[in-house]
Structures are given as C-alpha cells and as structure tokens.
Amino acid sequence: IQQDVDKLLPTTVNLLSVASKADTPWVLVHAYSDREPLSYILFDKESGKLTRIGDTYPDIDPARMGHQDDVKYAARDGRAIPALLTLPPGGGKNLPLVVLVHGGPYVRGSTWGWDSDSQFLASRGYAVLEPSYRGTTGFGEAHFRAGWKQWGLAMQDDIADGARWAIAQGIADPKRICIAGASYGGYATLMGLVRDHDLYQCGVNWLGVSDINLMYTGSWRLASDLGKEWKKYGMPLLIGDQVKDAAQLKATSPIEQAARIKRPLLMAYGGADRRVPLYHGTKLRDAVGRTNRQVEWIEYEEEAHGWSLPKNRVDFWGRVEKFLDRHIGKDAGKDAARGMP
C-alpha cells in the first residue's frame, strides 16, 4: 500500500492510517512536505484511486514556498547541533538571516515540514535557521542533559554558533542577521542581544521571559500556570536553584542586563498570558527604553501564551515584516542614508 500511495503522491511524505478491520477498502493518508502543508487523502485499496478530503492550508502554493533542509553544525565545545534551514524560493547566498529559536526549551522544538512562521519569513527573502540547541529533546539523553542549567550560557552559545556557521557557509550576510523567538525563544532573543550584539542587528521577542526569578515568584496580576511541582522539583534541576544558583540566575536574566540591549527590538506580549505574564514584558520594555530608543511594543490584551486570533496573527507578522525590512531587509540602511537615527 505504501509503495502504491508513494507512486501517486511522489512529492510528499505519506503516512498511512489503516482501519482496524482488514477488509475495509479505505486507508487514510496524511501527506505533507517542507513546501506542502498537511493534507488528508483517502486511498481505495481496491480501485487504487485517491480522494482528497481536506487541506490544512488550501491556498498555499507549493511553488512559492522555500526548501527546508536538516543540517548539523559544531558548537564551540564540539557538540553537534541539529538545525533546520529554510531558504527562500530559488535559494540564494549571502542572504539576510533570521535565527528562529524554539520555545520550551526542553521540548522537541521544530520538525521538518511546512511551517507557517519559517515559510512566511522565507517568502519575504530571508533564510531561516532553527537550531535544536542543547536541552532540546528528541536527540538523545546526552543532548538533553547538556542543556540543564544552561539558560543564557551554553544554550545561548549554540544559537550564536549556528548563525556563525551560516555565515561561514556563505548562506548568511554577516551584517544582516536578526534573532527571534517566542517564550524561551523570546528569552534567548533578549540574551542574544545582550551577549552577541556584534552578531545580531536586531531582535524580535514575543512572550519571552525577562526575569528568571519571576518564573518562581511573580504572580501579582495573574496566577502563573506553572505547576507547584514543576517549580519545586523541575525548575531548580533544569533551570537553576534560586538559592544555590542565585548569582547565575541574576547574571542570565535579561532584566539585569537591560542597559546592554542596544539593538532595535520588537516586543509583543499577551495581556491574559499566565505562562509568561505581561509584567515580564512591561518591566523589560521600561528598563531597555531608558537607554534604547529603538524599542517597539505590542500588547494583545485578549491573548494568552500565543496568538490564537487571526486578526492578531496578521497584525503581528505584518509588524515583524516591516521591522525586519527596516533593519536587515530591503529597506536596511535607508534611514542611515537619510541621516535618521
């Protein structure tokens, strides 16, 4: 059956879901690729015909999508870091690059296949690198454990080393690199601007942790949805103990390093977020704003930990597009040429 389906659908990965009764003639096919969003198709074993029953994004034209590859690069300590690299349609060299950092951080992160965020950026001419930095699950226990208590440290190095790898490969223009991400990815964006301001020209942080200690104690507006057991047992082990690791947690919290964030920064938070409550954003916005005039702020009052409303997704990514255009994209350098700050 797999061979028959693959012959009929040669451009996609085709996952088969077989009925529990062997005499059922239908097999459900989940078909997708890096350029084609997931589709649901019925295959008739008897007639050999396919019937398409649903598309997740029916208006997406695969010909206009970018190609995505699994890549691997060496971190500065020699650890192999898996990553996904999505290039604009037609590929290219010396491209503006967005380093897109997944949240979690102790989750699988990005997987190969069509993704709205990376394809949106690729369709605007950006190369997109999504590192599976140490701590990411799905790559073995050693890779996972190597990320314990490494917020802002070796985990951050892995991300920066990915950008430098892309430069060395001729993929990325070293003067046009932006770091971006949500939740932990937002935190990594902020720490990237703190630690690697020579590498990143700008940052896009949405829903990012700004103060690690607030994850343990902050709840004055909305009660955090982080469980008591996670705070008591999980966070001290994976992130850091508030007493034993107090100096490290302070040194790796963006709020403590706000004056060092000099690059343009776009920040967006949800007013109803219980995972990373709004005060993570407002505190950092005010702190960075004292020394950096290039901070853009967005608040979606009705949103929680992610944009669920289409109007907000459209608004947010439209703002991201304009922000990137100004700082690493087609309009980069125009303000300087006109004598503007």
Side-chain angles (χ1 to χ4, degrees), residues 97-105 107 109-110 115-122 124 126 128-131 133 151-152 155-156 159 177-194 200-212 214-215 218 221-222 224-226 253-255 258 261 263-289 292 294-329:
L97 173 71
V98 177
V99 182
L100 191 59
V101 187
H102 73 74
V107 298
S110 305
D115 175 76
S116 59
D117 294 354
S118 57
Q119 288 292 353
F120 176 85
L121 295 168
R124 269 60 182 175
Y126 299 100
V128 183
L129 184 69
E130 300 174 77
Y133 47 82
W151 283 45
M155 293 165 74
Q156 199 70 44
I159 298 165
I177 299 177
C178 186
I179 184 171
S183 196
Y184 174 84
Y187 163 86
T189 294
L190 299 171
M191 286 304 297
L193 296 181
V194 169
Y200 305 118
Q201 300 302 309
C202 59
V204 180
N205 150 43
W206 64 109
L207 312 167
V209 172
S210 65
D211 185 341
I212 296 177
L214 275 179
M215 296 172 65
R221 180 178 175 186
L222 288 173
S224 170
D225 68 354
L226 296 173
S253 286
I255 193 70
I261 298 177
R263 295 295 193 183
L265 174 63
L266 176 63
M267 299 175 60
Y269 285 79
D273 191 348
R274 294 178 58 200
R275 181 65 51 85
V276 181
L278 182 65
Y279 47 73
H280 276 269
T282 55
K283 283 185 64 177
L284 188 74
R285 175 199 63 193
D286 295 344
V288 176
N292 186 347
Q294 302 181 89
V295 178
E296 299 182 36
W297 171 258
I298 312 168
E299 179 182 342
Y300 297 116
E301 184 177 355
E302 66 273 64
E303 294 283 17
H305 199 59
W307 318 140
S308 59
L309 299 179
K311 67 173 184 177
N312 292 336
R313 287 179 59 83
V314 171
D315 179 77
F316 173 73
W317 285 103
R319 291 171 184 256
V320 170
E321 179 177 12
K322 293 176 182 177
F323 178 84
L324 293 176
D325 278 347
R326 286 198 303 275
H327 299 297
I328 63 169

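Hydrogens, waters and symmetry mates are skipped; everything else that's a heavy atom, side chains included, is used. Sequential numbering from 1 along the given sequence is applied to the chain's residues. A quick note: this is a predicted structure, and the numbers were derived from the prediction, not measured.
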Heavy-atom side-chain proximity of Q294 to H327 below 4.5 angstrom: yes
Nearest heavy-atom neighbours spanning G270 and L207: N-CD2, 3.7 Å
Side-chain heavy atoms of R319 within contact of E296, under 4.5 Å: no
From CE (M191) to CD1 (I179), nearest 0.5 Å: 10.5 Å
D115/F120 under side chain to side chain contact (heavy atoms under 4.5 Å, CB included): CA gap, chis, key distance, verdict: CA-CA 8 Å; D115 175 76; F120 176 85; over 6 Å; no
Min side-chain heavy-atom separation L309-E303 under 4.5 Å: yes
Side chains of Y133 and H102, donor plus acceptor under 3.5 Å: yes
Contact check, side chains of L121 and L324, non-hydrogen atoms, under 4.5 Å: yes
Any side-chain heavy-atom pair of L265 and C202 under 4.5 Å: no
Inter-residue atom distance L214.CG - Y279.OH, 0.5 Å rounding: 6.0 Å
Aromatic ring pairing Y187/W151, orientation class (parallel under 30°, perpendicular over 60°, tilted between): tilted
Check: H280 side chain, V209 main-chain N or O, donor-acceptor pair, under 3.5 Å: no
Short side-chain donor-acceptor distance under 3.5 Å, Y300 and D315: yes
Ring pair (Phe, Tyr, Trp, His ring centres under 6.0 Å) partner of W206, the single match among F323, Y184, W317: W317
Taking every non-hydrogen atom, the tightest pair across I261 and N292: O-ND2, 3.0 Å
Nearest heavy-atom neighbours spanning T189 and G203: CG2-CA, 3.8 Å
Ring-face cation of R285 near W297 (centre distance under 6.0 Å, axis angle within 45°): yes
Non-hydrogen side-chain atoms of I298 and M267 separated by less than 4.5 Å: no
Distance-minimising heavy-atom pair for E321 and R124: OE2-NE, 3.1 Å
Non-hydrogen side-chain atoms of P254 and L284 separated by less than 4.5 Å: yes
Side chain to side chain contact (heavy atoms under 4.5 Å, CB included) assessment of L97 paired with Y126: CA-CA 5 Å; L97 173 71; Y126 299 100; over 6 Å; no
Minimum heavy-atom distance between L129 and P131, given as atom pair plus value: O-CD, 3.4 Å
Distance in Å, R263 CZ paired with L193 CG, rounded so as to fall on 0.5 Å steps: 8.5 Å
Intermediate values then yes/no, side chain to side chain contact (heavy atoms under 4.5 Å, CB included), V99 and I177: CA-CA 7 Å; V99 182; I177 299 177; 4.2 Å; yes
Shortest non-hydrogen contact between E299 and G271, atoms and distance: OE2-CA, 4.3 Å
pair Q201-C178: side-chain heavy atoms closer than 4.5 Å: no
